[in-house]
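In what follows, chains are A, B, ... by sequence order, proteins preceding strands, each numbered from 1. Please read all numbers here as calculations on a predicted model, not as lab measurements.
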Protein chains: 2
Amino acid sequence: MERLDDPPDVVIRRLPLYARSLRYLLDEGVHSVSSQELGERINVTAAQIRKDLSYFGEFGKQGIGYDVEKLLNHIERILGLTQSWPVVLVGVGHLGQAIARYDGFHSQGLRIVGLFDTDPAKIGQEVSGVQISDYAEMPRVIRETGTRLAIISVPAADAQPVADMLIDAGVRAILCYAPIILQTPDHVWVRYIDPVAVLHSMTYYLAREHVV
Amino acid sequence: MERLDDPPDVVIRRLPLYARSLRYLLDEGVHSVSSQELGERINVTAAQIRKDLSYFGEFGKQGIGYDVEKLLNHIERILGLTQSWPVVLVGVGHLGQAIARYDGFHSQGLRIVGLFDTDPAKIGQEVSGVQISDYAEMPRVIRETGTRLAIISVPAADAQPVADMLIDAGVRAILCYAPIILQTPDHVWVRYIDPVAVLHSMTYYLAREHVV
DNA sequence: TAGATTGTTAATCGATTAACAATC
DNA sequence: TAGATTGTTAATCGATTAACAATC
């Protein structure tokens, strides 16, 4: 019995966590896992995992659970991770460099094909084997590489015009580290990484706690 | 008429975004804003903003809207941002250094009081005016400064033991950059920053799009 | 006063959980 | 076979939105 509703975005956001946990299990030499066991590792209920997976098919065996490698392969195929995705990164400050250098990026189907900055002192330098270029090169690089995924790590004031340029050049999904909400057309996916906002939401609870 | 239900966590997570938007408005010299206008800036409905704020009191005027400075002050008080929060950071690699150096941290009520690493080559060095210390110093620094907030930017394999040490020493809230779900007691707040997972959730949609 | 916008209630929408027949 | 665990449905829970009286 297949159910093929459009999976909600919350489900899509959890799939990468399932995939990662399965990768760890595979590394540990575990071959089979139940929704219960997987759930305990990532603090999600067993029912939720089964429900989430049911949007995409039937991957388990009653009485047994899931074959770790098979389920991982299924999820990676669902997420489009059987191919490697070219990514451009705009803003090569401390943070941008840390991202470009991060191994977890390269090892997980993400391939940085362009680094861009406005600082003339940075242009021409290499980070992780990729040369830093001027913004003027962005459209060409994006088109030539067919890149649809971009990371913005420029100061807040520059983020909107940078996003506009990227979208103009063909980018369809943006991960934005700048502390600002981008205005973008409907066909572009935008997600934010906002550590300060996250910390500020935790200070709410700390401020209310009994101080020890 | 006051309603004093416990505000849901989703609401608490949005408050920092409202606060930030109000700070930008204040900088722009805007004195008054409606829920409609504020909502357009951050892609949230006007009704949601009014509902969210209603958990904490009545801050607007019918027919007028909200006084930007007053509302900002209210939200900062709610979030506990009238005080500065000491934070320790564990793992001073490229990412940890970028975080420690980030101005948006210091300017927003977050004060790094300790940097920790295991690398003997790093211990003793300074980043942003704070010395890097060995893990052995963690409990002392956390206790002496009364720190309850920590950032983990160590490799995945080290994150759980680091979290255990931090919690033992009195930390109550953790922002974790390591790609692993931490197992922690109920009284500790944990949030994750996981760019690879976020990008992987976007490749899902890109893989399904008509390629241009 | 007339127009605008709040704060709040009720309606709607959507996501999570519980429960269980199917079946390995 | 007996025990375990899936996939799915229905029930529950919670969050968002619409609507409007109150009122600046």
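Between Ala47(A) and Ile64(A), the residue anchored closer to the 5' end of DNA chain D is Ile64(A), taking for each the nucleotide with the nearest heavy atom. With DNA chain C read from its 5' end, the first of the two nearest nucleotides for Tyr66(B) and Arg14(A) is the one closest to Tyr66(B).
To the nearest angstrom, C1' of dA19(C) lies 10 Å from CZ of Arg50(A). One can place NZ of Lys61(A) at 12 Å from P of dT6(D), the figure rounded to the nearest angstrom. As a whole-Å value, the separation of Gln48(A) CD from dG7(D) C1' is 15 Å. Regarding Asp6(A), its CG atom lies at a distance of 18 Å from the P atom of dC13(C), rounded to whole Å. Between the CG atom of Leu38(A) and the P atom of dT5(D) there is a distance of 13 Å, rounded to whole Å. To the nearest angstrom, P of dA22(D) lies 11 Å from CD of Gln62(B). Between Tyr55(B) atom OH and dT16(D) atom P there is a gap of 9 Å when expressed in whole angstrom units. What separates CD of Glu37(A) from P of dA4(D) is a distance of 13 Å, to the nearest Å.
Remark: dC13(C) base-pairs with dG14(D); criterion is Watson-Crick or G-U wobble with both hydrogen-bond distances under 3.5 Å. Pairing of dC24(C), defined by two Watson-Crick or G-U wobble distances under 3.5 Å, is identified with dG3(D). Pair assignment for dT8(D): dA19(C), on the basis of Watson-Crick or G-U wobble contacts that are both within less than 3.5 Å.
At the phosphate of dT6(D), OP1 or OP2 sits under 4.0 Å from a side-chain N or O atom of Ser35(A).
Side chains of Asp52(B) and Gln48(B): a donor-acceptor N/O pair is absent below 3.5 angstrom, by distance only. For the residue pair Arg41(A) and Ser21(A), no side-chain donor N or O sits within less than 3.5 Å of a side-chain acceptor on the partner.
For the pair Arg208(A) and Tyr204(A), the cation-pi criterion (under 6.0 Å, within 45° of the ring axis) is fulfilled.
Nearest nucleotide to the side chain of Val10(A), out of dT17(C), dT5(C), dT16(C): dT16(C).
Ring planes of Phe59(B) and His74(B): tilted class, angle from 30 to 60°.
Annotation: the span from Leu38(B) atom CG to Tyr18(B) atom OH amounts to 7.5 Å, rounded to 0.5 Å.
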